[in-house]
Every structure is written in structure tokens, then in C-alpha cells.
Number of protein chains: 2
Amino acid sequence: MYRNVHPIAEGLIRQCGGRATAGRIGILSVLLSAQQAMTHREIEQCLLETLPLDRVTLYRGLEWLVAQQLIHKVASGDRVWRYHANGKAYSHQHAHFKCTGCSQVICLDDLPLERQWPLPSGYRLQEVELTVKGLCADCS
Amino acid sequence: MYRNVHPIAEGLIRQCGGRATAGRIGILSVLLSAQQAMTHREIEQCLLETLPLDRVTLYRGLEWLVAQQLIHKVASGDRVWRYHANGKAYSHQHAHFKCTGCSQVICLDDLPLERQWPLPSGYRLQEVELTVKGLCADCS
DNA sequence: TTAATTTGCGCAACTTTGTTGCATTTATGT
DNA sequence: ACATAAATGCAACAAAGTTGCGCAAATTAA
Ligand SMILES: [Mn+2]
Ligand SMILES: [Mn+2]
Ligand SMILES: [Zn+2]
Ligand SMILES: [Zn+2]
């Protein structure tokens, strides 16, 4: 249950010097307890009963948490952002897996992105975005 | 000038057994002449003078060309599809480069995606989507 | 060449995802 | 408890893309 992580979430938010509002704590708690990256919609649904937030507030909360580097944002192909808490394992750049069956997105911590990527001359690399698509264990 | 490729575009379309309409020929001609992957908007602008197409027709034309595998679709992070003609070089899976300055997207043919990607057990790979982000030669 | 049939087009309306402006409320330091 | 800065809720907006449907154009048959 994601309520257990409320104190942890609140601590993390205060450490950033931000206001510990119910919204931010709720959002971060959901993401800290989630096994996969979640869409805005999924987070909204998840909070619906305990803490109904306005969609805009949720967008702004997520934006703020990303800016504080407490969570990260995943693009994953469909035109929907997904969000996931930054554990120790996920603080560096990493790849993601997207299941084409159930649409879940998980972080692939093992997949190193620090290798050399050959680019045309004059081109400068900033960031690599890698999404492996396929079927998860449940959908296989 | 993309008008030179009209006969080529028409031939490719007829080879697929599809109707060679002015719209499809125009769209494919633009993409065949383009150096980079283009958004729906960019293609629309490009055709504006010679062949003003309804946005929906353009969407459906692109969809059809993708289904015929005459072009391919690139996700590239912002929530906008980009399209590019399938030359010989681009018929296989390949990575893309997206310039964070000018937003142009080019195909990285040299970057092999056929390596092994370690996945959790039970997970099955279908496709790899790799976008390298950075600055192109002009924007550097 | 014309007529019939099939397929694509244009238009309007709708959906989804996300953003912006502004008045109101709330968290926090004093 | 009060002042103040910051977050929230609401309405409106925006961009990208989709759907339904009547009409037009491309193929095919006559
Ligand atoms: Mn991740
Ligand atoms: Mn490409
Ligand atoms: Zn799955
Ligand atoms: Zn550039």
C-alpha cells in the first residue's frame, strides 16, 4: 500500500526545499510504490479515492518532481509521458522496456547507455533514449 | 525539387497495388526528396502551394504509405510522429538522431540495433527504438 | 466511351494529452 | 495568529491525431 511511503515521500520533498503539500506527497508516494513507470492518467486513477487532484495540479506536481530529480520522465513511443521514482538504481541514464501487450513500461537498469554511438562528423551527443519493445513475462 | 520524383513515387505506389492519387504521389515525392524525417505539419507546409491537401487526407495518406512499407514512422521523443521514405539503406531497423536545437531528425544507418539486449527472464524482444539526441553540425 | 463500382477525399466533430492565465487557498516562517 | 510566497482549482486554450459520413475520383466492366 502506497500510504506506507508517505513519510519517506514527505522527507524527500522537504530535503529539496519544496513545500510538502498533500498533492506532492501523494504523487510521489504512488510513484515510489509503483513497480513500473506510470502515466498521468494512471496516477490520477490511483489517487482518485484517497486524494482527488485536479489534472493540472497533477501535471504541475509531476513537473516539479522531475525538476527536483525525485522522479524521471519516459517518452516510450506513444505520445504519453510516463513517470517513475528515481531510486538509487535509476539515478543515471537508463533504457526502458515497453510491453506491446499491456503497455507497461519498466526501467532496464542493466542496459548500459554509456557506449560510443557513431554520429556524423560535427554532430554532438547529449543524451540517448532507448526503448526496447516486446512482450513482458505476463503477456508472453 | 521534389517534382522530379513524381514518376518514381507513382511507380512505387502502383507496385503496391494501390490507387495512384495525386495526394499519395505528392506526399511520397516530398518524403523521397527529403533529407530528414518530416512531421505531418512540415509535409503539409511543403505541399501547400502545389497540392493543398486536407489534414485528414494527409494523415490517412501517411498511414497508408507506412502500411505499404514505402515510408517509416519515427517517434523521437516529442509527441510528434515524423515520417521518412524507406530507401534501401533504411529498410531495416535503424536508430535516429534528433537535434535538440533545430528539431531535425535523421536516420542513423550505421548504428546496428541487432545486438543482444539483456531483458528480464520471460520477456520477449520485438523491436528496439533508439534515438540519440544532441546537436547537429549546424547547431553545434 | 460510358457506366458501375470501389476507393479515397474533404469536412465537421471529437478525443487525448498537455499548457496557460488568473483568482483563491494553503504552507510556512515570523 | 499573520504575512507572504507558493501551490491549487477552474476555465480556456492548443496541438496532434481520429472517426463518421456524404461526395468525388480512380479503376474496372460493359
Ligand atoms: Mn526509468
Ligand atoms: Mn529512419
Ligand atoms: Zn505486458
Ligand atoms: Zn540542428
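Just so it is clear: chains get the letters A, B, ... in the order the sequence lines come, proteins before strands, and each one is counted from 1.
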What's the angle between the local helix axes at either end of the helix from dT5(C)-dA26(D) to dT30(C)-dA1(D), using five pairs per end and rounding to 10 degrees?
30°
How long is the line joining CD1 of I25(B) and P of dA25(D), in whole Å?
15 Å
Minimum heavy-atom separation for L51(B) and A22(B), please, with both atom names.
CD2-O, 3.4 Å
Using the six-membered ring wherever Trp is involved, compare the ring planes of H40(A) and Y59(A) and label them parallel, tilted or perpendicular (cut-offs 30° and 60°).
parallel
Base-contact (B) and sugar-phosphate-only (S) positions in nucleotides 18-30 of chain C, heavy-atom cut-off under 4.0 Å, - elsewhere
BBBB----BBS--
Can you tell me how far P of dT8(D) sits from CG of L58(A), to the nearest Å?
10 Å
Among the nucleotides dA7(D), dG9(D), dA16(D), whichever has the atom closest to the side chain of R41(B) is dA16(D)
In plain terms, say whether R55(A) and E44(A) are close enough for a salt bridge, that is, a side-chain N and a carboxylate O under 4.0 Å apart.
no
Less than 4.0 Å between a side-chain N and a carboxylate O, is that true for R79(B) and D78(A)?
no
Once you round it to whole Å, what is the distance between C1' of dG20(D) and CG of D54(B)?
14 Å
Can V128(A) be reached from V105(B) by stepping across I, L, V, M, F, W or Y side chains whose heavy atoms are under 4.5 Å apart?
no
What is the minimum heavy-atom distance between L135(A) and C99(A), and which atoms define it?
CA-SG, 3.9 Å
What's the CD-C1' distance between Q45(A) and dT17(C), to the nearest Å?
15 Å
Expressed in angstrom and rounded to an integer, what is the separation of W64(B) atom CH2 from dA26(D) atom C1'?
13 Å
What's the CG-C1' distance between D78(A) and dT16(C), to the nearest Å?
12 Å
If every non-hydrogen atom of I71(A) is compared with every non-hydrogen atom of L62(A), which pair is closest and at what distance?
CD1-O, 3.6 Å
Residues R82(B) and T39(B): side-chain donor-acceptor under 3.5 angstrom:
no
Specify the separation, in whole Å, of atom CD of E42(A) and atom P of dT16(C).
15 Å
Does the gap between the ring centers of H96(A) and H72(A) come in under 6.0 Å?
yes
Nucleotide dA6(D), atom P - distance to CD1 of I13(A) in whole Å:
17 Å
